[in-house]
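Input: a single structure, listed below in structure tokens.
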Number of protein chains: 2
Amino acid sequence: MTTASPLRERKKQRTRQALIDTALRLFSSRGFGGVTLDELCEEVEVSKRTFFRYFTGKEDVAMAPLHDMWRAFLEELETIPADGRPLMELMEATLLAALERVADPAWAGRAALSYRLSQETSSMDAYNLHFCESTLGTVMEVLHRRLDLPDDPRTRLAGDMLVAAWRVAAGGWAAEAGDPPSVPDLAARFHAAVAALPGSLTLTADPRPEDR
Amino acid sequence: MTTASPLRERKKQRTRQALIDTALRLFSSRGFGGVTLDELCEEVEVSKRTFFRYFTGKEDVAMAPLHDMWRAFLEELETIPADGRPLMELMEATLLAALERVADPAWAGRAALSYRLSQETSSMDAYNLHFCESTLGTVMEVLHRRLDLPDDPRTRLAGDMLVAAWRVAAGGWAAEAGDPPSVPDLAARFHAAVAALPGSLTLTADPRPEDR
DNA sequence: CGAGCGAATGCCACTCAGTGGCATAAAGGA
DNA sequence: TCCTTTATGCCACTGAGTGGCATTCGCTCG
């Protein structure tokens with residue numbers, strides 16, 4: 001029969017984690033494009049065929065920490081109390097809760113590597129953006145199921161703003177965070193970015209004196 | 001010497017346009033993944049090597065209309081009068097101006113095909129998102145050069161909101177626009193999306209009665 | 001403690017996107 | 001007409017990603 005048996009499962013998790021850690025290490029030292037999948041697989045002693053049974057592609061393996069975070073986000077979103085709070089506040093609280101759930105030091109280190117890589121590798125950044133947008137699609141479904149939301153673009157736009165704030169925060173964090181990078185630091189940056197959203201809408205622009 | 005001579009240049013533009021139109025036609029009828037570059041190149045009677053001298057990849061050729069739009073945006077951004085208007089208003093006006101500049105019926109048809117394709121092809125959507133973000137980087141440079149902007153994330157966040165509004169508008173337009181798709185329709189949708197931004201920040205969420 | 005079952009893996013051959021190098025053709029200028 | 005510049009074609013190659021099939025390993029039940 002098919003009872004979830006720990007031993008099999010643990011081996012799988014170990015292989016998966018080995019692929020992730022080795023990928024992050026190799027990509028970080030020699031660049032994303034400087035490492036072939038064959039090299040990565042040889043290092044982990046796994047066939048390339050197996051690699052593709054765990055991950056959908058080369059970018060995917062390097063983005064695993066972010067996947068974890070967003071998966072936690074979706075799970076939190078199902079259980080978070082939905083009083084009459086502003087949607088933005090609700091989503092921010094959900095993300096912060098998700099962040100606490102995944103928050104162990106090992107995750108922070110991996111996540112920082114992931115984001116640094118995505119900043120210097122356009123295909124990873126593209127993959128990352130698309131993943132956020134795609135997750136946002138699921139987020140919209142959950143929100144409409146749990147909340148009485150109007151059927152107009154505002155909900156989607158709010159989601160996009162959340163993602164924008166997250167990316168600003170994560171970008172700065174990955175670039176400037178100390179060693180070891182800390183999750184509270186990331187959370188604080190994210191909170192600040194969300195708080196900056198209203199101000200960015202009304203920001204006025206004075207021309208520089210030397211301009212025309 | 002190297003004087004820009006029309007005849008050579010026109011030939012190049014014709015090849016380029018043939019690649020774009022053929023790509024949009026083939027991709028639209030048989031799907032992005034259902035067409036190989038070899039087929040496309042054979043149809044246009046061009047070597048694959050030549051294809052890659054015009055475009056950076058398979059996604060790139062299908063996104064050409066969007067590139068045109070954003071290039072126009074950047075050009076408009078250099079010349080648009082910068083009084084003390086809110087930044088958001090300024091960027092919106094710039095994009096609407098860019099839209100008027102590229103607005104011929106042929107462009108609208110191609111752009112609609114592009115966006116429809118990007119909605120059903122994840123690699124194209126990823127490419128598209130990354131392109132917007134990357135263009136936004138250039139936008140930030142121009143803005144900081146021309147305007148006296150604070151050195152904090154708000155400017156970037158405003159840019160991300162503009163992109164979010166644009167994507168919402170373009171997505172709806174591509175999916176619902178009539179035949180032929182009209183540029184004024186797109187412009188109106190975009191204006192509405194930008195106008196919806198403040199409301200999306202303050203949108204409140206009442207729980208559905210059946211939810212817990 | 002085996003036998004057998006299903007899941008996970010390895011191996012191999014294949015397609016296709018994308019690149020580098022070099023020879024060739026087509027334009028433009030003198 | 002000659003000569004330089006520039007675009008193109010051709011060929012071979014790398015590397016990502018996939019499908020099929022045999023094999024091995026963990027598990028369960030007799």
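Every chain is numbered from 1, with letters handed out A, B, ... down the list of sequences.
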Tell me: CZ of F27(A) to P of dA16(D), nearest whole Å?
8 Å

Distance check needed: dA16(D) P versus D38(A) CG, whole Å only.
7 Å

Quickly work out the L40(A) CG to dG17(D) P distance and round it to whole Å.
12 Å

Once you apply a heavy-atom cut-off of 4.0 Å, does E45(A) come out as touching a base, just sugar-phosphate, or nothing?
sugar-phosphate

Say whether, by atom type as modelled, one donor and one acceptor occur between the side chain of T15(B) and the main chain of K11(B) under 3.5 angstrom.
yes

Can you identify which nucleotide, out of dG18(C), dG9(D), dG10(C), has its nearest atom closest to the E59(B) side chain?
dG18(C)

Name the closest nucleotide to the K58(A) side chain, picking from dA17(C), dG17(D), dG9(D).
dG17(D)

Sugar-phosphate, base or nothing in reach of Y54(A), heavy atoms under 4.0 Å
sugar-phosphate

Students often mix this up, so state it plainly: with edges at 30° and 60°, are the rings of Y127(A) and H67(A) parallel, tilted or perpendicular?
parallel

Which nucleotide in the list dC11(D), dT8(D), dG17(D) gets nearest to the side chain of R49(B)?
dC11(D)

Give a yes or no on whether the backbone of A64(A) and the side-chain of R110(A) come within a donor-acceptor separation of less than 3.5 Å.
no

Length of the line joining F32(B):CZ and dG17(D):P, which is rounded to integer Å
14 Å

Using a heavy-atom cut-off of 4.0 Å across all strands, would you classify T36(A) as base, sugar-phosphate, or nothing?
sugar-phosphate

Counting side-chain heavy atoms from C-beta on, which of dG9(D), dT8(D), dA17(C) comes nearest to F52(B)?
dA17(C)

If you find the nucleotide of DNA chain C closest to T50(A) and the one closest to G57(B), which residue's nucleotide is nearer the 5' end?
T50(A)

Which part of the nucleic acid, if any, lies within reach of K48(B) when heavy atoms closer than 4.0 Å are counted: base, sugar-phosphate only, or nothing?
base

Give the nucleotide from the list dG10(C), dA27(C), dG18(C) with an atom nearest to the side chain of K11(B).
dA27(C)

For atom CG of L37(A) and atom P of dT14(D), their distance in whole Å:
16 Å

Length of the OH-P vector between Y127(B) and dA17(C), whole Å:
16 Å

Has W166(B) got a side-chain atom pairing as donor or acceptor with V194(B)'s backbone, closer than 3.5 angstrom?
no

Whole angstrom is fine here: how far is it from CG in D60(B) over to C1' in dA17(C)?
14 Å

Side-chain-base donor-acceptor pair under 3.5 Å for R53(A) and dG10(C)
yes

Please indicate whether D104(A) has more than 12 foreign heavy atoms, meaning atoms of other residues, nucleotides or ligands, lying under 6.0 Å from its CG.
yes

Atom CD of E100(B): over 12 foreign heavy atoms under 6.0 Å:
no

Base, sugar-phosphate alone, or nothing: which one does F51(B) contact when heavy atoms must sit under 4.0 Å apart?
nothing

Roughly how many Å is it from NZ in K12(B) to C1' in dG28(C), rounded to a whole number?
14 Å

Determine: side-chain N/O of S47(A) to OP1/OP2 of dG10(C), distance under 4.0 Å, yes or no.
yes

